[in-house]
Amino acid sequence: VIVDSLTYLGSSLFGHATSAHDVIGRLDEAHVDAAVVCPVKPRGYHLAEANDVVATAARNSDGRLVGFARVDPNLREDAVSELERALSELGLAGLFLHPWEESFRISAPLVDPVIEVAHRHGAPVIVASGYPWVSEALQVGELARRFPDVNFIMTNGGQINISGLGQADAELCLSEHANVFIQTAGVYREDFLENIVETLGANRVLFGSAFPLMDPRLEILRIKWAHVSDEQKAQMLGGNALSLLGLS
Amino acid sequence: LAVIVDAHLHVDEVAALGWRMGADLCIERMNEAEIEVGLIMTITDLPQFNPHALELILEACEAFPGRLFAFARLHPWYGDEAVRLLEHALTDHRTYFRGLKLHPVSTIAHPSGEDTHRLIRKAAELGAPTLFHCGDEPFTTPLAIASAAAACPEATIILGHMGGYFHVDEAIDTAERFPNLVLETSAMPYPGKIAEAVHRLGPERVMYGSDGPVCSPRIEVEKVRLAKLGETAEKRVLCENAERIFGEFT
């Protein structure tokens with residue numbers, strides 16, 4: 001089973017737009033069975049509407065799309081109530097936070113109330129990670145330290161730096177917090193992923209394409225062509241995502 | 001082997017970073033990707049840290065004749081000594097050394113500095129291009145390097161990583177303004193941007209590199225192929241532009 005643990009659905013303020021049909025088409029093209037779909041930031045800035053779009057797509061996907069809810073912690077109690085609605089009424093499976101696009105520091109106390117909601121629902125949290133100043137790996141780690149029973153999944157390997165300068169922080173974060181995991185989309189250097197697998201275990205790494213921001217046909221090769229065992233590849237391609245989503 | 005030239009590979013050992021990249025690993029990864037020729041460089045900046053870096057690179061090239069060629073990676077702050085080392089590499093060992101590499105993240109030497117321009121001009125005088133690390137960090141953005149392109153119009157300047165993650169559009173915009181800039185594709189994760197760069201700049205202005213051996217040369221080649229450039233343009237990006245800019249690999 002192959003699960004793409006990160007795709008985006010909806011019409012984004014930042015210019016890209018994908019429908020459920022687009023996502024499923026790309027899954028078929030890359031021989032992927034299912035995908036996590038996260039809401040984009042819509043032109044109207046109303047994340048609740050974006051959550052509705054994702055929930056509808058997931059409901060009508062015959063189980064191929066697993067929807068996550070997106071909220072803006074800056075909205076305080078409104079974010080808490082929207083997440084409660086998304087997880088309870090819409091049936092979404094997890095929380096997606098984007099500190100860069102919503103402008104908040106992931107380690108800031110204002111994030112805690114929404115994580116408490118995720119905790120109550122046993123929902124995993126994907127954090128758009130590696131963005132300077134707001135979602136660096138050690139900042140995600142600080143949140144993970146406060147919520148050891150919540151699983152946090154960092155996009156981009158927790159590091160977006162083409163000099164490799166974010167790798168040490170990401171490795172430190174992963175080694176200190178067993179409840180932190182990484183996705184593979186756009187990750188700088190394949191040996192970073194291979195090293196995480198070797199030192200911390202393949203269970204810490206999830207295939208994610210970040211479609212439509214990145215290309216699933218390329219992104220899946222970071223796993224398929226990695227210098228690790230077939231069993232480890234299977235874990236990263238799908239087993240870990242199923243486990244974190246409670247589907248295995 | 002298919003005729004592919006990888007314009008960005010590393011050979012070095014930096015214990016402090018835990019990074020070990022040997023020439024044999026470069027060849028292994030090149031073979032996986034059916035790459036015939038690779039241009040290697042150190043991770044450290046000569047003469048800082050490793051004063052024997054030229055010898056290290058020479059040994060690697062000599063161990064794999066016809067497969068490995070090189071950049072001299074230098075630290076501009078060393079002034080006359082850096083210029084002398086560059087001249088030595090590009091004249092006495094021209095068989096192997098084909099370019100100058102500058103990495104302002106590790107040197108903290110801004111591309112607009114006169115010490116940097118001296119090296120770029122010396123390389124150009126000797127018929128060699130300059131490869132810059134060009135990513136998202138201060139000192140390395142396309143606009144920072146544009147200052148060097150403007151100051152040294154006679155030099156061919158290659159933007160390695162073509163802007164990284166967030167400066168790719170800026171790299172293409174900047175290359176439109178400065179005809180002496182060439183974009184190199186390594187590690188930048190968007191195949192569509194390679195197609196856009198070829199469309200806007202022409203296929204002779206975009207060059208394949210992997211940042212291997214630890215970035216997968218095989219994945220990086222596939223990234224270029226996913227850009228669906230057409231046979232003629234793809235050949236230029238994967239091979240012919242490197243042969244034109246670095247000289248024949250014999």
Side-chain angles (χ1 to χ4, degrees), chain A residues 6 14-16 26 29-30 100-101 128-133 136 155-157 159-169 171-172 175 183-196 198-199 208-228, chain B residues 8 10 14 16-21 25 28-29 32-33 43 103-106 133-141 159-169 171 184 186-195 210-228:
Chain A
L6 182 66
F14 303 108
H16 55 89
R26 280 303 175 110
E29 197 177 23
W100 183 257
E101 291 187 356
S129 300
Y131 290 85
W133 315 306
E136 294 156 5
T155 67
N156 311 300
Q159 44 106 8
I160 311 176
N161 186 297
I162 215 151
S163 296
L165 295 180
Q167 293 179 356
D169 279 0
E171 288 162 358
L172 185 59
S175 65
Q183 290 170 332
T184 54
V187 157
Y188 179 64
R189 293 191 14 186
E190 279 62 48
D191 70 330
F192 168 77
L193 294 176
E194 291 162 3
N195 185 52
I196 296 294
E198 185 183 325
T199 58
S209 74
F211 174 76
L213 304 180
M214 296 189 195
D215 190 325
R217 296 169 300 175
L218 177 71
E219 294 305 325
I220 200 165
L221 300 179
R222 297 189 199 279
I223 311 294
K224 288 192 168 176
W225 290 354
H227 299 88
V228 300
Chain B
H8 193 148
H10 292 280
V14 182
L17 289 170
W19 291 358
R20 283 181 297 280
M21 305 163 194
L25 184 61
E28 193 180 318
R29 295 290 184 262
E32 285 176 1
I43 302 168
H103 199 312
V105 171
S106 59
H133 171 93
C134 175
D136 302 301
E137 308 91 344
F139 290 59
T140 75
T141 63
L159 302 184
H161 313 301
M162 56 186 285
Y165 291 93
F166 300 105
H167 289 79
V168 179
D169 289 332
E184 179 262 282
S186 64
M188 178 282 303
Y190 318 112
K193 289 296 173 187
I194 296 173
S210 72
D211 202 8
V214 288
C215 280
S216 164
R218 187 181 177 201
I219 291 175
E220 294 293 320
V221 167
E222 189 62 21
K223 183 177 76 186
V224 173
R225 293 195 166 128
L226 284 169
K228 304 220 175 298

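What you see is a predicted model, and the numbers here were worked out from it, not measured in a lab. Every heavy atom of this structure was used, including side-chain atoms; hydrogens, water molecules and symmetry mates were not. Reminder, nothing fancy here: chain letters follow the sequence lines and each chain counts from 1.
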TODO: Might you work through the side chain to side chain contact (heavy atoms under 4.5 Å, CB included) test for W225(A) and E222(B), ending with a clear yes or no?
DONE: CA-CA 11 Å; W225(A) 290 354; E222(B) 189 62 21; 4.1 Å; yes
TODO: Flag the pair E194(A) / V214(B) as yes when at least one side-chain heavy-atom distance between them is below 4.5 Å, and no otherwise.
DONE: no
Open item on the list: I need the residue from G212(B), S106(B), A187(B) with the largest number of non-hydrogen atom pairs under 4.5 Å to chain A.
Closed with: A187(B)
TODO: Anything under 30° is parallel, anything over 60° is perpendicular, the rest tilted; go ahead and classify Y131(A) against F166(B).
DONE: tilted
Task: Smallest separation among heavy atoms of P189(B) and R222(A), with atom names - done: CB-NH2, 4.0 Å
Open item on the list: Please find the pair of heavy atoms, one from C215(B) and one from Y188(A), that lie closest to each other, and give the distance.
Closed with: SG-CE1, 3.8 Å
Task: Contacting region of L213(A) [heavy-atom separation from chain B under 4.5 Å] - done: backbone
Open item on the list: Quick check for you: among P213(B), G135(B), P191(B), G192(B), which has the greatest number of heavy-atom pairs under 4.5 Å with chain A?
Closed with: P191(B)
TODO: Report the distance from atom CD1 of I220(A) to atom CD1 of I219(B), rounding to the nearest 0.5 Å.
DONE: 11.5 Å
Open item on the list: Nearest 0.5 angstrom please: D211(B) CG to E190(A) CD, how far?
Closed with: 10.0 Å
Task: Part of S186(B) lying under 4.5 Å from any heavy atom of chain A - done: backbone
Task: Part of V105(B) within contact of chain A (heavy atom distance under 4.5 Å) - done: side chain
Task: Approximate separation, where rounding is to 0.5 Å, of D191(A) CG and L25(B) CG - done: 9.0 Å
Open item on the list: Please determine whether side-chain hydrogen bond (donor to acceptor under 3.5 Å, both in side chains) holds for the pair E28(B) and H227(A), giving the CA-CA distance in whole Å, both sets of side-chain angles, and the decisive distance to 0.1 Å.
Closed with: CA-CA 12 Å; E28(B) 193 180 318; H227(A) 299 88; 5.6 Å; no
TODO: Select, from D215(A), N156(A), I160(A), the one with the greatest count of heavy-atom pairs under 4.5 Å involving chain B.
DONE: I160(A)
Open item on the list: Can you tell me which of H103(B), K223(B), H133(B), E32(B) forms the most heavy-atom pairs within a distance under 4.5 Å of chain A?
Closed with: H133(B)
Task: Reported OG-to-CD1 distance for the pair S163(A) and I43(B), which is rounded to 0.5 angstrom - done: 11.5 Å
Open item on the list: Show the nearest heavy-atom pair for residues M188(B) and I162(A), with the distance to one decimal.
Closed with: N-CD1, 3.8 Å
Open item on the list: Is N161(A) close to chain B through its backbone or its side chain, or both, or neither, when contacts mean heavy atoms under 4.5 Å?
Closed with: both
